[in-house]
Amino acid sequence: MDLIYRSTRDNSETATASQAILKGLATGGGLFVPDRIPPLDLPLTSLASMDYRQVAYEVMSRFLTDFTPEELKYCIDHAYDDKFDTSSIVEIVEKDGAYYLELFHGATIAFKDMALSILPYLLTTSARKNQVKNEIVILTATSGDTGKAALAGFADVPGTKIIVFYPKHGVSPIQEKQMVTQKGDNTFVIGIEGNFDDAQTGVKKMFSDPDLAAEMDAAGFQFSSANSINIGRLVPQIAYYVYSYANLLARGRISEGEKINIVVPTGNFGNILAAYYAKQMGLPVDRLICASNENKVLFDFFGTGTYDKNRQFILTSSPSMDILISSNLERLIYQITGKDAEKNKIFMNQLSSGGTYTITEEMRAQLEDFYGNYASEEETAEAIRSMYRTCGYVLDTHTAVASAVYKKYLKDTGDRKPALIASTASPFKFTRSVMNAIDPANDGKSDFELVDELTEISGVSVPRAIEEIRSAPVLHDTVCETEDMCREVRRILGL
């Protein structure tokens, strides 16, 4: 029986998995969520004998129920191939008393590759299944990593265009270079004079504009999203948490049924929501540790029950987490309202109009799975420095936030259950911040001098994704004000 997806803002709006993937965002700004979380109804010992692709199939087939086994296996096999620099797709390494889940072995050396390698296949398969004739326009806002991973995934995919907006002064130099050098006749990259939340708000506004949708349809186009608001982004992320547990079980690091804690550096809330869904499926997970940087809107939310975006936006060394509107939190809020779309809509309208909402005590009681904390810039740098000096292992800035918060969790709780820390990016993606944390004397060197030095001290070869952009020409140099985002989309599409 097919799993039905509903809008978080209108219980009457339903879709199959493929329809939800195609639309990206529900009507009226809602997000699609499954009617129920399907159980992981096979023994963990069976999963322990599977490779990554097989586990991904077992997880994803339970959510994407209108895909045939052949269709889904085709998508998985073509996504998780030699684009990844390890045959296992992800690596799990034990360092300093925790397990680091390295999610950065894909083409753009960040965890977004795990979902954005498969999304083009899911999307084009969904289009065929639903007899879509329009060209699909992927419209995406990025805080740094989604943009490049989506561009790489959709470059020259027939029947698609991809338009990425990013904060011109809010990503790392390497992140920006990766995006603005992207090849592909169907790729468009635009910097905005604003922050990620401005970009995300502009994109959501275009998705929710019925007049623009009608105009695009008449011209043979329709929008879809590569952000984690698209359920086709979120479901593949559940797979790597299930795989990680199975892998630790296979290696004898945990026993069957033993609970683990999962630590996730969090901005838009999609990655930790995937871990929450894995727990809801029945994966033996205890606490979900939500790690924030100095933009600690989620830390404050879990501590007080009030979500308040009315604060200074801080540019940090972990830019992919520099977010004040965590879009995927809406899916969790919907869940803890008892799947009451009207109640959820009231909260989201309050956020839109006043920048804040407060959940009820009954709702807060359902958040006991979560622990929230944050790391300052100094604590993040110290986590990088300490891990390197102790273990010779180099963390990127986002993973360092998670590592620092995990230390705080241990101090606060004394909970020594096995901990899986999501390592979301290669340190090569944030070389300047990483190398300055290890030795401030590095500050006068160029970004690529620092890349070479990082290779020396870490013993890790320079990733292909970095080598490719050393001398690559800039192909995208458009910059606009936030109020001109829609005009740029119209220009690109010739509307």
Side-chain angles (χ1 to χ4, degrees), residues 1-42 53-80 114-132 134 136 138 140 150 153-154 157 159-160 207 222-242 270-271 273-274 276-278 280-282 327-328 330-332 334-335 339 341:
M1 190 170 137
D2 280 356
L3 191 60
I4 297 300
Y5 288 78
R6 293 186 189 276
S7 167
T8 54
R9 301 188 193 182
D10 180 358
N11 282 133
S12 68
E13 182 178 357
T14 62
T16 63
S18 64
Q19 289 166 348
I21 289 168
L22 272 173
K23 285 196 76 173
L25 197 65
T27 306
L31 308 184
F32 284 112
V33 291
D35 237 359
R36 58 184 173 81
I37 302 298
L40 194 60
D41 51 358
L42 72 172
R53 296 169 193 83
Q54 292 168 322
V55 172
Y57 175 78
E58 294 298 339
V59 172
M60 293 171 64
S61 63
R62 283 155 175 77
F63 283 92
L64 309 182
T65 51
D66 65 330
F67 284 68
T68 67
E70 294 74 23
E71 287 170 337
L72 189 52
K73 286 176 181 175
Y74 174 86
C75 293
I76 289 168
D77 289 345
H78 284 75
Y80 303 116
M114 297 301 300
L116 283 166
S117 292
I118 194 169
L119 185 60
Y121 295 100
L122 295 176
L123 196 60
T124 51
T125 301
S126 296
R128 284 195 301 273
K129 292 176 78 66
N130 291 277
Q131 291 81 52
V132 168
N134 285 343
I136 296 166
I138 306 298
T140 291
F154 281 93
V157 171
T160 69
F207 267 101
Q222 69 186 66
F223 281 141
S224 189
S225 173
N227 282 89
S228 53
I229 54 174
N230 191 319
I231 199 70
R233 267 280 308 276
L234 196 56
V235 168
Q237 293 179 267
I238 302 169
Y240 51 69
Y241 292 114
V242 176
N271 203 3
L273 183 69
Y276 173 77
Y277 281 172
Q280 296 291 301
M281 291 185 82
S327 289
N328 273 290
E330 179 172 345
R331 286 183 162 114
L332 181 64
Y334 172 77
Q335 178 88 8
K339 300 182 180 177

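Take Y277 and apply the ring-ring contact (aromatic ring centres under 6.0 Å, His included) test, not counting sequence neighbours, and it matches no residue. Contacts of N230 classified as side chain to side chain donor-acceptor pair (under 3.5 Å), with partners at least two apart in sequence or in another chain: none. When the side-chain contact (heavy atoms from CB on, under 4.5 Å) test is applied to V132, the partners found at least two apart in sequence or on another chain are L22, A127, N130, N134, Q222. In this structure, K73 has no salt bridge (Lys or Arg N to Asp or Glu O under 4.0 Å) partners at least two apart in sequence or on a different chain. Residues forming a ring-ring contact (aromatic ring centres under 6.0 Å, His included) with F207 (at least two apart in sequence, or on another chain): F223. For A20, the side-chain contact (heavy atoms from CB on, under 4.5 Å) partners at least two apart in sequence or on another chain are Y5, A15, F32, I231. With sequence neighbours left out, S7 forms a side chain to side chain donor-acceptor pair (under 3.5 Å) with no residue at all. Taking Q335 as the reference, Y276, Q280, K339 meet the side-chain contact (heavy atoms from CB on, under 4.5 Å) condition, with sequence neighbours excluded. Taking R62 as the reference, D41, E58 meet the salt bridge (Lys or Arg N to Asp or Glu O under 4.0 Å) condition, with sequence neighbours excluded. Residues satisfying the side chain to side chain donor-acceptor pair (under 3.5 Å) test with S327, not counting sequence neighbours, are Q200, K204. Legend: residues meeting side chain to side chain donor-acceptor pair (under 3.5 Å) with Y241, ordered by chain and number and at least two apart, are N271.
Proximity of a side-chain donor or acceptor of R233 to a complementary backbone N or O of A115 within less than 3.5 Å is not detected. Judged by distance alone, the side chain of T160 and the main-chain N or O of I136 form no donor-acceptor pair under 3.5 Å.
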Report task. Start with the C-alpha gap between D2 and F67, add the side-chain angles, then the distance that decides, and say whether side chain to side chain contact (heavy atoms under 4.5 Å, CB included) holds. Result -> CA-CA 9 Å; D2 280 356; F67 284 68; over 6 Å; no
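Atom CG in L234 sits 11.5 Å away from atom CD1 in I229 (nearest 0.5 Å). Rounding to the nearest 0.5 Å gives a distance of 12.0 Å between CD1 of I118 and CD of Q237. One finds the CG atom of L122 at 10.5 Å from the OG atom of S224 (value rounded to the nearest 0.5 Å). Atom OG1 of T14 sits about 6.0 Å away from atom CD1 of I4, to the nearest 0.5 Å. Taken from CG in L3 to OG in S61, the straight-line distance is 11.0 Å, to the nearest 0.5 Å. For the atom pair CG (L332) and OG1 (T8), the distance works out to 12.0 Å, reported to the nearest 0.5 Å.
Side chains of D66 and S18: a donor on one and an acceptor on the other come within 3.5 Å.
H78 and Y121 have tilted rings, their planes meeting at an angle from 30° to 60° on a 0 to 90° scale.
Among pairs with a residue in residues 14-35, those fulfilling salt bridge (Lys or Arg N to Asp or Glu O under 4.0 Å) read R6-D35, E13-K23, at least two apart in sequence or across chains.
Shown here for V157 and P120, the closest heavy-atom pair between the two residues is CG2-CB, 4.4 Å. The two atoms that bring V242 and A278 nearest to each other are CG2-CB, 4.4 Å, heavy atoms only. A26 and L31 make their closest contact through CB-N, 4.4 Å (heavy atoms, listed as atom of the first residue, atom of the second, distance). Minimum interatomic distance between N328 and S228 (heavy atoms only, all atoms of both residues): ND2-OG, 2.7 Å.
With a 4.5 Å cut-off on side-chain heavy atoms, P236 and M60 count as touching.
Comment: E71 engages K129 in a salt bridge, judged by a side-chain N to carboxylate O separation of less than 4.0 angstrom.
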